[in-house]
Amino acid sequence: MIVGYRSTIIILSHPKLGNGKTISSNAIFQRSCRVRCSHSTTSSMNGFEDARDRIRESFGKLELSPSSYDTAWVAMVPSKHSLNEPCFPQCLDWIIENQREDGSWGLNPTHPLLLKDSLSSTLACLLALTKWRVGDEQIKRGLGFIETQSWAIDNKDQISPLGFEIIFPSMIKSAEKLSLNLAINKRDSTIKRALQNEFTRNIEYMSEGVGELCDWKEIIKLHQRQNGSLFDSPATTAAALIYHQHDKKCYEYLNSILQQHKNWVPTMYPTKIHSLLCLVDTLQNLGVHRHFKSEIKKALDEIYRLWQQKNEEIFSNATHCAMAFRLLRMSYYDVSSDELAEFVDEEHFFATSGKYTSHVEILELHKASQLAIDHEKDDILDKINNWTRTFMEQKLLNNGFIDRMSKKEVELALRNFYIISDLAENRRYIKSYEENNFKILKAAYRSPNINNKDLFIFSIRDFELCQAQHQEELQQLKRWFEDCRLDQLGLSEQFISASYLCAIPIVPGPELSDARLMYAKYVILLTIVDDHFESFASTDECLNIIELVERWDDYASVGYKSERVKVLFSMFYKSIEEIATIAEIKQGRSVKNHLINLWLKVMKLMLMERVEWCSGKTIPRIEEYLYVTSITFGSRLIPLTTQYFLGIKISKDLLESDEIYGLCNCTGIVLRLLNDLQDSKREQKEGSINLVTLLMKSISEEEAVMKMKEILEMKRRELFKMVLVQKKGSQLPQLCKEIFWRTCKWAHFTYSQTDRYRFPEEMENHIDEVFYKPLNH
């Protein structure tokens, strides 16, 4: 099913349903989704499809915006044959043709916080024009811009390009040598510090700011890359040719860029890996990556091939290395954290990367460090996580992030990816998405294939279409709720939304409507059964319910102990029969007995908890407690039933395999530990059995909580590894395994928000944003 279409309730004739029964179908019938738009749905969908096609094409058009700053440095390179002639006169032509109306050069369109970038780019362009005695009018206008905007040089609210404190003062000195009269106050602290030569270490990346004082021969020897560049920086490579004119590979590097871009250069080159990584990451953040599965797979296959070859473009750049590791590991590629070993030590990192490391590098290293799946083999990631977390927390404490978006990204990264709601994050990312968004190195830049109107419109429309489908599915769930008269069993309508909200991130995708609805129904049914077995029903009534389920096809001969049992079982029977019928159609075989047996297991263990544990007759061993309570929590019941609704034929043997058992076991323990850690205080007051109280028989409460957190982290990683790493000989489809990880992830998010799992007040706004609130970008 393509996005923009939804499942509908239609009348079907099927031998298992009988004529005239209703069933939600994705595969048999589809029609357009009703979405409130300011123009016709047909026009909207045509625009949606066209935008998607153009985004697909952008995978083959990977480039960055022109950099006035770097182009100016390339323009200053003298000819091999004469020091009085430019080697790349076409770059001078570009500078003359691309001056902005206010007399400046820089990123176009600019941004209010990029005045330092504009000042740096403008001064570099003025140096190039003055050196070759061209563009008198452009020089005059550029000097005017610098005079009026020089207040920004030392302004702490402005975003500084990397190395600005070194490069800009150095360019002022060069301007003086060229008799270029700059109306700049040299008492500005930024300039004053640089003129006092305070910066002496780790400045190779911005060596153009040191000029003749550099040992260029040594820098080329130590830092020249296979493509001939210094740090993939056109500006630094050009400076090497200005101050040290005897390197053929530097010339070839600059020529290769101009062969592609004719008369300008970007601020980094090559750009393919950078652009691919950023594009895939952006599509995932916007929540639209499912539309581009084949393009993303092709891109990641290429990145993985280069990763295995230890490609320089990836491994010479901390950001690229961290991003590639994260995207590849999360997409099930076999990548080792050993490749990040050089970033383990904070002091070594800054000693080799320099004082002017971008916050993006630290941020990406921290994101990558959260993907540990092995306690021993991934200790590298744990060490990186420790120092990057401390570094970013300190930056936040000291208000070290000028850019509001940078600060927000850091705050989000510090929360750990597995406790963040993808739904909320997709919405936030779309709302903050800007066509004119930028990144900054020594110059600000944009990626046209990442920041563009097509992706902006496409993301909004996709969110609206998904929101419309969620609204409709929620209405279907409410009709089921009313048909089954669940209000008589003590549930409010509010709980319907909360239950369905669980299903959306665990079973995403418009084509899995039946699986989502089944998941939400099972959450509701399990809650009802749990309430009855825990407190609402007597022991005899619980035994009555179990006997009714055991004699499913002959339940009428059993009879009901009470009206409450009759109401409960009638609703339960009707719902399971409907779900079993849909599952049989999808699987091509009857699975009803399996569903009933799963429920029986849960009910019998719930009864044991009540009769044996809660009464105080026996105190369970810790292993027994975790085994029983993870099952009664639904860690097998719901994920295993969901497998039948994923559009994949799944055998009985596979559902009874050791691999499935391991996934169920890990998921159940994670859920139980999260619950017990959150509710331990309340349950201790109530006298209920909890893992904290069981552990406190031999250790203190503080030690018990610490022990549980250690087990939780170990089991979370174990589950993560089961899902990410393909087990040899495994026949379990990836989609089936993902259900368990998403269940774990949603539980982390839920328990991070509130101490009440069923009706959390903190969830109200989340429900509103997912189901009802328009984006209003």
Between Tyr751 and Trp746, is the gap from one ring center to the other below 6.0 Å?
no
How far does OG1 of Thr641 sit from CD1 of Ile739, to the nearest 0.5 angstrom?
11.5 Å
Checking Asp530 against Thr527 for the side-chain hydrogen bond (donor to acceptor under 3.5 Å, both in side chains) test, could you report, in this order, the C-alpha distance in whole Å, the side-chain angles of both residues, the deciding distance, and whether it holds?
CA-CA 5 Å; Asp530 182 58; Thr527 303; over 6 Å; no
Without swapping roles, check the side chain of Asn416 against the backbone of Tyr418 for a donor-acceptor pair under 3.5 Å.
no
Sidechain N-carboxylate O distance under 4.0 Å for Asp462, Arg290:
yes
Any chance you could measure Ile545, atom CD1, to Glu550, atom CD, to the nearest 0.5 Å?
12.5 Å
Where does the angle between the aromatic ring planes of Trp552 and Phe572 fall among parallel (under 30°), tilted (30 to 60°) and perpendicular (over 60°)?
perpendicular
Return yes if some donor-acceptor pair links the side-chain N/O of Ser557 with the main-chain N/O of Asp554 below 3.5 Å, else return no.
yes
Just say parallel, tilted or perpendicular for the rings of Tyr573 and Phe569, cut-offs at 30° and 60°.
tilted
What verdict does the side-chain hydrogen bond (donor to acceptor under 3.5 Å, both in side chains) test give for Glu584 and Thr581, after you've listed the backbone C-alpha separation in whole Å, the side-chain angles of each residue and the deciding distance to 0.1 Å?
CA-CA 5 Å; Glu584 181 173 347; Thr581 300; 5.8 Å; no
Which heavy atom of Lys737 sits nearest a heavy atom of Val723, and at what distance?
O-CG2, 3.6 Å
Test side-chain contact (heavy atoms from CB on, under 4.5 Å) applied to Tyr500 and Lys478, Glu473, Lys521, the passing residue
Glu473
Main-chain N/O of Ile504 paired with Arg516 side-chain donor or acceptor, under 3.5 Å
no
Does Lys721 come within less than 4.0 Å of Asp374, counting only side-chain N to carboxylate O?
yes
Report the distance from atom SG of Cys664 to atom CD1 of Ile669, rounding to the nearest 0.5 Å.
11.5 Å
Thr618 side chain to Pro620 backbone, donor-acceptor under 3.5 Å:
no
What I want to find out is whether Glu547 reaches Lys561 closely enough, with some N-O distance under 4.0 Å, to be called a salt bridge.
no
Going by an N to O cut-off under 4.0 Å, is there a salt bridge joining Arg610 and Glu534?
no
Given Glu710 and Lys715, is the salt bridge (Lys or Arg N to Asp or Glu O under 4.0 Å) satisfied, shown in steps?
CA-CA 9 Å; Glu710 289 175 359; Lys715 288 297 180 181; over 6 Å; no
Any donor-acceptor pair under 3.5 Å linking the side chain of Asn544 with the backbone of Gly559?
yes
Stepwise salt bridge (Lys or Arg N to Asp or Glu O under 4.0 Å) test for Glu703 and Lys707:
CA-CA 6 Å; Glu703 289 172 326; Lys707 178 70 174 176; over 6 Å; no
Candidate pair Glu425 and Asn285, rule side chain to side chain contact (heavy atoms under 4.5 Å, CB included), full reasoning
CA-CA 7 Å; Glu425 183 54 20; Asn285 289 333; 5.6 Å; no
Any donor and acceptor pair, going by atom type alone, linking the side chain of Gln469 with main-chain N or O of Pro510 inside 3.5 Å?
yes
Measure from the side-chain N and O atoms of Lys367 to the backbone N and O of Ala413, and report whether any donor-acceptor pair falls under 3.5 Å.
no
Let me see the working for Asp514 and Lys586 under salt bridge (Lys or Arg N to Asp or Glu O under 4.0 Å), right down to the final yes or no.
CA-CA 10 Å; Asp514 287 335; Lys586 290 182 174 293; 3.3 Å; yes
In short, Phe771 meets Ser497 closest at the heavy-atom pair CE1-O, 3.8 Å
If you apply the rule side chain to side chain contact (heavy atoms under 4.5 Å, CB included), what do you find for Thr629 with Ile689, and how did you get there?
CA-CA 11 Å; Thr629 56; Ile689 291 179; over 6 Å; no
Evaluate the side-chain hydrogen bond (donor to acceptor under 3.5 Å, both in side chains) criterion for residues Trp480 and Ser575: first the C-alpha distance (whole Å), next the side-chain angles of each, then the deciding distance (0.1 Å), finally the verdict.
CA-CA 9 Å; Trp480 168 79; Ser575 299; 3.2 Å; yes
I need the full list of salt bridge (charged side-chain N to carboxylate O under 4.0 Å, His left out) pairs touching residues 616-640, with sequence neighbours left out, sorted by first then second residue.
Arg621-Glu623
Check this for me: does any side-chain nitrogen of one of Asp422 and Arg427 sit under 4.0 Å from a carboxylate oxygen of the other?
no
Minimum-distance pair of heavy atoms, taken over all atoms of Gln587 and Ile650
OE1-N, 2.9 Å
Decide yes or no on salt bridge (Lys or Arg N to Asp or Glu O under 4.0 Å) for Lys652 and Glu656, but give the supporting numbers first.
CA-CA 6 Å; Lys652 181 175 180 292; Glu656 294 176 352; 2.9 Å; yes
Is the shortest distance from a Lys or Arg side-chain nitrogen in Glu411 or Arg415 to a carboxylate oxygen in the other one below 4.0 Å?
no
Go through the steps to decide whether Arg589 and Tyr644 satisfy the test side chain to side chain contact (heavy atoms under 4.5 Å, CB included), and finish with yes or no.
CA-CA 10 Å; Arg589 63 184 178 89; Tyr644 292 130; 3.8 Å; yes
Smallest heavy-atom separation, Leu412 atom then Arg428 atom, equals CD2-NH2, 3.6 Å
Might you work through the side chain to side chain contact (heavy atoms under 4.5 Å, CB included) test for Leu526 and Phe633, ending with a clear yes or no?
CA-CA 8 Å; Leu526 182 61; Phe633 211 85; over 6 Å; no
Looking at Gln284 and His289, would you say the former's side chain and the latter's main chain have a donor-acceptor pair under 3.5 Å?
no
May I ask you to decide if Tyr429's main-chain N or O and Ser432's side chain share a donor-acceptor pair within less than 3.5 Å?
yes
State whether Arg672 and Asp676 are salt-bridged, where the test is any N-O pair (Lys NZ or Arg NE/NH1/NH2 against Asp/Glu carboxylate O) under 4.0 Å.
yes
Nearest heavy-atom neighbours spanning Gln731 and Leu654:
O-CD2, 3.7 Å
Less than 4.0 Å between a side-chain N and a carboxylate O, is that true for Arg564 and Glu541?
yes
At their closest point, which heavy atom of Leu691 faces which heavy atom of Ile622, and how far apart are they?
CD1-CG2, 3.8 Å
May I ask you to decide if Ala583's main-chain N or O and Lys592's side chain share a donor-acceptor pair within less than 3.5 Å?
no
